[in-house]
Amino acid sequence: MDWHQLWVIISAPDNVPIVGLIPLLCFYIYLAWKQAKGNDDLIAELEADPAMAKTHHRKTWPFKPGWQKEVHVWPFLLRIEFLAAIIITIILMVWSITLNAPLEEPANPNLTMNPSKAPWYFLGLQEMLVYFDPWIAGVVMPTLIIVGLMIIPYVDTNPLGSGYYTWKQRKFAISTFLFGFIVLWISMIIIGTFIRGPGWQWFWPGQTWDHNRQIYEVNRDLPDLFGIASNAGKMIFGALVVGGYFVLGGLGVYSLFRRYMAKDFKRMSLVQFSMTQVFLLIMLALPLKMILRLAWHIKYVWITPWFNV
Amino acid sequence: MPEENGNGGANGNGGANGNGSANGNGKERVGLLQRVKAGVQADVQALKTDIPTKAKEQMDGLKDPTKTQVYTSIFRHKHDDTPRNRALGILSNVFLHLHPAKINRDAVRYSYTWGMGGITFYLFIVLTFTGALLMFYYHPTKVQAFRDVLYLEHDVPFGKLLRNMHRWAAHLMVIGVWLHMFRVFLTGSYKKPREFNWNVGVILLVLTLLLSFTGYLLPDDQLGFWAVTVGTNMARATPGLGNEGPFGPQMGMTPYNDVRFGLLGGSIVDANALLRSYIWHCIGIPIVASIFMIVHFWRVRKDGGISGPAPVMLEAEGDKPRR
């Protein structure tokens, strides 16, 4: 166990934000979960008792008849805002006094940094470079993330859970988002920050970064496993596999929605549903491709003269 | 027309007649010196009573400064602790009128909003302020950029603190934006009627990351240079628009005309890239982000204020229009 190596990584000034983000995320997930549970319990109680549902104020916080429903922004909100500004300023001051912003040697195109890492918030995308060609990891994926985020309000037809924390009313939406945000984005950043060492090789926490380590890894392409040698054959085979994934996956999503989210499915238009299908399958393809690579050393699935997937 | 006998100005008592030519013909002609003397004496006499009276008035007025003209011209309403004045304090202030006068009693709860939107905005202000100060000491040229950072670190008073604050506030802002988006998703706040504002928010998220990324190159050190090299190398692989991307060569893309060349202003990360980065970082993206922020905040209000905490809905109420 090389504690020094671990400390070097954790205490690198530019890694401090991601080190800090982990406990922050845990805290806010807890906070959200606690409120979601409270609301879900209340919903269950009200569902069971329609008479109560008619008169209840529908929040977990206390409310009594005669209490004012609204409060003045001054002072009740502004004092919180001013306090938040002061606290943030203090945090920034202390942080800036105790920890210096990194400054390396002057830029030198002849001396490559190893590992040469992007800023921590882009490390998820850089980690994807291991599994995908740059045009996918660097261009297509960011575009799809942005577009995928933007279509969320237009494909989520569930009217419940607007303006309050809940789990039971939005199980699918919340688990999809958590999967995308925590599993695909944050944990890839954590891998990129703490695990990847020189040559972008995998070093477990506490393992010494060995700049001379060589890994003898023979990557294969999926068509090779099936003994397909000709270029045309590889192209057709890959297209069939990728196409098959989307067709079968699309059927799977359909069967899932029809069975378990019948109400949402009924509310969705064809465009809404097909967009949901496509983006869900692309999201799922990420870990699938990673597993193919890690377990069977498969580099490409679909090989064409112009691009490889 | 007044005669030029010099009477008009000096005749303190006669001035009320306003008849200069009649005076000029008067028989009992009083000497100029005497008249001036009498006038001054009268003035001094009046001064003895007028000034103390005025001074007293002034002092009395100062006992309640809120009634002075200067004060009332600045503050348009009284400051007594009444509901009306509390509301006016928000509504009549250009900075505070972003807020409504009153909000739901539960909307101020920290556990609901996490305060992340406001904190992000505050960090943007901090970054604008520290960034403007840093600009005084920085030249976006290959010769000077790195030296300017060294100068900031070692010679400029509080330069190190300034740079550190700018760096850490930027990181904190990225975290703030992510947590804000996370909260908005978990509370379903993007749902009708806030779909559009969620999209504005996604654009602001991208702009925040781009702001941070363009700033990364500016110290012109190894860290920024290689991070930006790695980052922009991906642009080389843009389908159709990059020289190494799928269908790029077919579209006529070379290292000297593709999208990466456009981003860097050259085929390598060099002086032009530094200048482009600087201009995007200090002028381009902040202006665009500010415009989107204006829309974002405006739409929060126009879409009915912050989304909650709203009363919970039951399954059966899902398809009914709300309230």
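What you see below is based on every heavy atom in this structure, not just the backbone, and it leaves out hydrogens, waters and symmetry mates. Not measured: the values here are computed from a predicted model. Every chain is numbered from 1, with letters handed out A, B, ... down the list of sequences.
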Q: Let me know if A:W167 has heavy atoms under 4.5 Å from chain B in its side chain, its backbone, both or neither.
A: neither
Q) Given a strict heavy-atom distance threshold of 4.5 Å, which part of A:I136 is in contact with chain B: side chain, backbone, both, or neither? A) neither
Q: Give me the contact list for residues 43-51 of chain A versus chain B, heavy atoms only, anything under 4.5 Å, ordered by residue number.
A: A:I43, A:L46, A:E47
Q. Among A:P102, A:A32, A:P134, which residue forms the greatest number of heavy-atom pairs with chain B at distances under 4.5 Å?
A. A:P102
Q.
Quick check on B:L205 against chain A: is it the side chain, the backbone, both or neither that has a heavy atom closer than 4.5 Å?
A. side chain
Q. Given the options A:F307, A:F76, A:Y154, which has more heavy-atom pairs under 4.5 Å with chain B than any of the others?
A. A:Y154
Q. Checking A:E105 against chain B: side chain, backbone, both or neither under 4.5 Å from a heavy atom?
A. both
Q: Check the surroundings of atom CE in B:M251: do more than 12 heavy atoms from other residues, nucleotides or ligands lie under 6.0 Å from it?
A: no
Q) Which pairs with one or both residues in residues 209-231 of chain B pass salt bridge (Lys or Arg N to Asp or Glu O under 4.0 Å), sequence neighbours excluded? A) B:K142-B:D220
Q: Let me know if A:H57 has heavy atoms under 4.5 Å from chain B in its side chain, its backbone, both or neither.
A: backbone
Q.
Surrounding CZ of B:F196 (heavy atoms of other residues, nucleotides or ligands, distance under 6.0 Å), is the total greater than 12?
A. no
Would you tabulate the side-chain donor-acceptor contacts of residues 175-185 of chain B under 3.5 Å, counting partners in other chains and residues two or more places apart, or write 'none'?
residue: B:H180; atom: ND1; partner: B:G117; partner atom: N; Å: 3.4
residue: B:R183; atom: NH1; partner: B:T187; partner atom: OG1; Å: 3.4
residue: B:R183; atom: NH1; partner: B:S189; partner atom: OG; Å: 3.4

Q: Counting only heavy atoms closer than 4.5 Å, note whether B:E315 contacts chain A via side chain, backbone, both or neither.
A: both
Q: Assess whether atom CD of A:Q68 is packed by more than 12 heavy atoms of other residues, nucleotides or ligands within 6.0 Å.
A: no
Q) Under a 4.5 Å heavy-atom cutoff, which of A:T166, A:L78, A:I80 has the most pairs with chain B? A) A:L78
Q. By a 4.5 Å heavy-atom criterion (distance strictly below it), what part of A:F181 contacts chain B: side chain, backbone, both, or neither?
A. side chain
Q.
Under 6.0 Å between ring centres: does that hold for B:Y112 and A:Y164?
A. no
Q | Side chain / backbone / both / neither for A:P305 at chain B, heavy atoms under 4.5 Å | A | neither
Q) chain A heavy atoms under 4.5 Å from B:H171: which part of the residue, side chain, backbone, both or neither? A) both
Q: Among residues two or more places apart or on two chains, list those pairs meeting salt bridge (Lys or Arg N to Asp or Glu O under 4.0 Å) that have a residue in residues 14-40 of chain A.
A: A:D14-B:R167, A:K37-A:D41
